[in-house]
Amino acid sequence: MKLRPEEITSILKSRIEQFDVQTDLSEVGTVLQIGDGIARVHGLENCIALERLEFEHGVVGIAFNLEEDNVGVALFGEWQEVKEGEPVRRTGAVVSVPVGDALLGRVVDPLGQPLDGAGDIETSERRPLEFKAPGVVERQPVKEPLQTGVKAIDSMTNVGRGQRELIIGDRGTGKTAVAIDAIINQKDTDVICIYVAIGQKGSTVAQVYERLKEEGAMDYTIIISAAAHEAAPIKWMAPFSGAAMGEYFLYNGKHALIVYDDLTKHADAYRQLSLLLRRPPGREAYPGDVFYLHSRLLERACKLSDELGGGSLTALPIIETQAGDISAYIPTNVISITDGQIFLEADLFYSGIRPAINVGTSVSRVGGSAQTKAMRKVAGRLRLELAQYRELEAFSQFGSELDPATQKTLARGERMVATLNQPQYKPWPHAEQVVALYAGINGFLDEIPTPQISRFHDELREHLRTEGSVYKEIDETKDLADELTARLESELKKFTQGFDVREETGLVA
């Protein structure tokens, strides 16, 4: 048998081409230094920003500082177990969180792991923690209302789908209550809600969960909790995780509402993280990019163009002020990023006005474009009347003789303030708000004693629910047409004449 060299060559060539070795090359570094939830790692020359790194003992890290000879890493999990000299592996992927409908009704940590003991979360989809916000061309203007169910907000500082409306005020003035009311009011709508608790006590988050469950709101809500006892990296991560989970709905043409409670604690956590990573401090020891921290987070909330599905992500960030100082560093930063603010004032809160919204300082920068026609018609004069009332109220404290016109303005203002008062966790439907405000502005409450305004509105709501057609038509048309206004006037006259005004004792006069 004769050997043919060309045949042997072709066989060898084909064998070499088909030869495949399963290789697993992973870049491994070494822990140089560890402490306070921060590790310095040597040997990861090709590491990328915000890459997920794997340590021993199941600890996960995020690459924050990419320096010449080492990488500064923020750690998640039992970082105390990690020792100097231990290996660190690159994953080659930026940090991401699980997203999807499977998270609805659950309480999770910022890494997407369940905290409610209700079993694992089955979802295959993930989204990166940081994601570039849509550009101007990919957005559309905010023009569709998102009803909060709070009369004072929906009438004067209204929120639209895709808007960022700041809730700001001192500790204990009802900021979280306003946000929870807004979540409860999304029941039977197509809005998914995400509540991000940053640095809150575990008991506080549990109370929020129980309240939402009681109201049937957990069916469409995700709670992300970075508790007060957690390390700074977890608190830094929480709002970005919430934004990633909200973006899943946004980019699938759905609507979502996200509450960040609160961004003051978020800025504090970021300051701690930055100082531990030896980043240079700036004003009040915050790092130079603390404005960018919140602007890139809040810019992710928007209303997408119809070509991209028309989905929306509405943000209600919360900021806690000290002694009502809205000109402090973090409050002014966030005010300049958002599309308006709802300012809750301690003095109003303690004088019994709930929600304690300061009409003068609060504003919605989308104006009436995100209100229904019906609400625009009744709320147009409301802000002006309340502003006049506040001015005259201060003037009337001196006890001088007041002319009849001033007395009338004061009496009307007093009744409008009583109309806007609202108990917690009791959001009002849109049509009922419109009618209540219409009655106040058009003088139907002028003869009703102020202490009985609340009872008047409760009985009026019952009367019109029984009548049925007025509320139904307002809900369907979102407008107050002339014929409907005439019917509403006649119903209000009929009801006001038959209203049983009682003495202060509560007995029938």
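Side chains are part of it too, since the values below use all heavy atoms of this structure and drop only hydrogens, waters and symmetry mates.
With salt bridges taken as basic N to acidic carboxylate O contacts below 4.0 Å, one links D262 and K265. A salt bridge links K303 with E144: the closest approach of a Lys/Arg side-chain nitrogen to an acidic carboxylate oxygen falls below 4.0 angstrom. A salt bridge does not link K213 with E210: every distance from a Lys NZ or Arg NE/NH1/NH2 to an Asp or Glu carboxylate oxygen is 4.0 Å or more. For E130 and R296, the salt-bridge test passes: some basic side-chain N is under 4.0 Å from an acidic carboxylate O. Salt-bridge check for K254 with D190: failed, with every basic side-chain N at 4.0 Å or more from each acidic carboxylate O. A salt bridge links R271 with D268: the closest approach of a Lys/Arg side-chain nitrogen to an acidic carboxylate oxygen falls below 4.0 angstrom. Taking 4.0 Å as the cut-off between side-chain N and carboxylate O, R487 and E483 count as a salt-bridged pair.
Judged purely by distance below 3.5 Å, without hydrogens or angles, the side chains of Y195 and D261 pair a donor atom with an acceptor atom. Looking at Y438 and E489, their side chains do bring a donor and an acceptor atom within 3.5 Å of each other. Checking D339 against Q163 by side-chain atom types alone, no donor-acceptor pair falls below 3.5 Å. Looking only at atom types and distance, the side chain of D325 has a donor-acceptor partner in the side chain of S327 under 3.5 Å away. At a cut-off of 3.5 Å, with distance as the only test, no side-chain donor of Q371 or S369 sits close to an acceptor on the other residue. With no hydrogens or angles considered, no side-chain donor-acceptor pair links D170 and T173 at under 3.5 Å. Under 3.5 Å, the side chains of E491 and H463 contain a donor-acceptor pair of N or O atoms. In the model, R126 has a side-chain atom that pairs as donor or acceptor with a side-chain atom of S96 under 3.5 Å. There is no side-chain donor-acceptor pair under 3.5 Å between E320 and T264.
Looking only at distances, a side-chain donor or acceptor of Q422 sits under 3.5 Å from a matching main-chain atom of K426. Looking only at distances, a side-chain donor or acceptor of R381 sits under 3.5 Å from a matching main-chain atom of I441. Of the possible polar contacts, one joining the D154 side chain to the G149 backbone as a donor-acceptor pair under 3.5 Å is found. Side chain of R211 to backbone of Y425: no donor-acceptor contact under 3.5 angstrom is found. A donor-acceptor contact shorter than 3.5 Å links the side chain of K187 to the backbone of E215. For T123 (side chain) and V99 (main-chain N/O), a donor-acceptor pair under 3.5 Å exists by modelled atom type. In this structure, T189 contributes its side chain and N185 its backbone to no donor-acceptor pair below 3.5 Å. The backbone N or O of E393 lies less than 3.5 Å from no partner atom in the side chain of E391, so there is not a single donor-acceptor pair.
Taking each heavy atom of A436 and W428 in turn, the nearest pair found is CB-CZ3, 3.7 Å. Scanning all heavy atoms of the two residues, the minimum distance from L382 to M416 falls at CD1-CE, 3.4 Å. Considering every non-hydrogen atom in both R300 and A244, the closest pair reads NH2-N, 3.6 Å. When every heavy atom of L103 is checked against every heavy atom of I222, the shortest pair comes out as O-CG1, 3.5 Å. Between L111 and P98, the closest heavy-atom pair is O-CD, 3.5 Å. Closest approach of G105 to Y209, counting heavy atoms only: O-CE1, 4.4 Å.
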Could you pull out all donor-acceptor pairs under 3.5 Å where a side-chain atom in residues 131-142 meets a protein atom, sequence neighbours excluded?
unit_1, atom_1, unit_2, atom_2, d
E138, OE1, G135, N, 2.6
R139, NE, P134, O, 3.0
R139, NH2, P134, O, 3.2
R139, NH2, E299, O, 2.6
R139, NH2, E299, OE1, 3.4
Q140, OE1, K143, NZ, 2.4
Q140, NE2, L304, O, 2.7
Q140, NE2, D306, OD1, 3.1

Trace of the side-chain contact (heavy atoms from CB on, under 4.5 Å) decision for L297 with L263
CA-CA 11 Å; L297 171 71; L263 292 187; 4.1 Å; yes
Full working for side-chain contact (heavy atoms from CB on, under 4.5 Å) between L344 and S362:
CA-CA 8 Å; L344 301 167; S362 303; over 6 Å; no
Pair T450, E414 - check side-chain hydrogen bond (donor to acceptor under 3.5 Å, both in side chains), show working.
CA-CA 7 Å; T450 308; E414 217 174 86; 3.0 Å; yes
Test salt bridge (Lys or Arg N to Asp or Glu O under 4.0 Å) on D446 and R412 and set out the steps.
CA-CA 6 Å; D446 290 358; R412 176 77 58 88; 3.0 Å; yes
side-chain hydrogen bond (donor to acceptor under 3.5 Å, both in side chains) for N358 and T361? Distances and angles first, verdict last.
CA-CA 6 Å; N358 179 323; T361 323; 3.2 Å; yes
Decide yes or no on side-chain hydrogen bond (donor to acceptor under 3.5 Å, both in side chains) for Q407 and T409, but give the supporting numbers first.
CA-CA 5 Å; Q407 286 176 348; T409 306; over 6 Å; no
As a quick check of understanding, evaluate side-chain contact (heavy atoms from CB on, under 4.5 Å) for I474 and L484, giving each step before the final call.
CA-CA 8 Å; I474 293 173; L484 176 57; 3.7 Å; yes
Start with the C-alpha gap between Q452 and F499, add the side-chain angles, then the distance that decides, and say whether side-chain contact (heavy atoms from CB on, under 4.5 Å) holds.
CA-CA 11 Å; Q452 298 189 29; F499 182 68; 4.2 Å; yes
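The side chain to side chain contact (heavy atoms under 4.5 Å, CB included) test with T221 singles out one residue from V259, L212, L257, and that residue is L212. Tested against T372, the residues K377, K478, H430 include a single side-chain hydrogen bond (donor to acceptor under 3.5 Å, both in side chains) partner, H430. Each of I168, I357, V363 was evaluated against I342; a single residue qualifies, I357, per the side chain to side chain contact (heavy atoms under 4.5 Å, CB included) test. With V208 as the fixed residue, the side chain to side chain contact (heavy atoms under 4.5 Å, CB included) test singles out one of V107, I183, I180: I180.
Interatomic distance, CZ of R164 versus CG of L313, reported as 10.5 Å (0.5 Å rounding).
Judged by the 6.0 Å and 45° rule, R354 forms a cation-pi pair with F349.
Around atom CG of D120, no more than 12 heavy atoms belonging to other residues, nucleotides or ligands sit under 6.0 Å away. Atom CZ of R465 is surrounded by more than 12 heavy atoms from other residues, nucleotides or ligands within 6.0 Å. For OH of Y329, the number of neighbouring non-hydrogen atoms (other residues, nucleotides, ligands) closer than 6.0 Å is greater than 12.
A heavy-atom distance below 4.5 Å is found between the side chains of L420 and S155. Looking only at side-chain heavy atoms (C-beta outward), F495 and E459 come within less than 4.5 Å of each other. At a threshold of 4.5 Å between non-hydrogen side-chain atoms, the residues H457 and E462 do not count as touching. Put simply, the side chain of H294 reaches to within 4.5 Å of the side chain of H266, judged on heavy atoms.
Annotation: F444 is not in aromatic contact with F456 [ring centroid separation under 6.0 Å not met].
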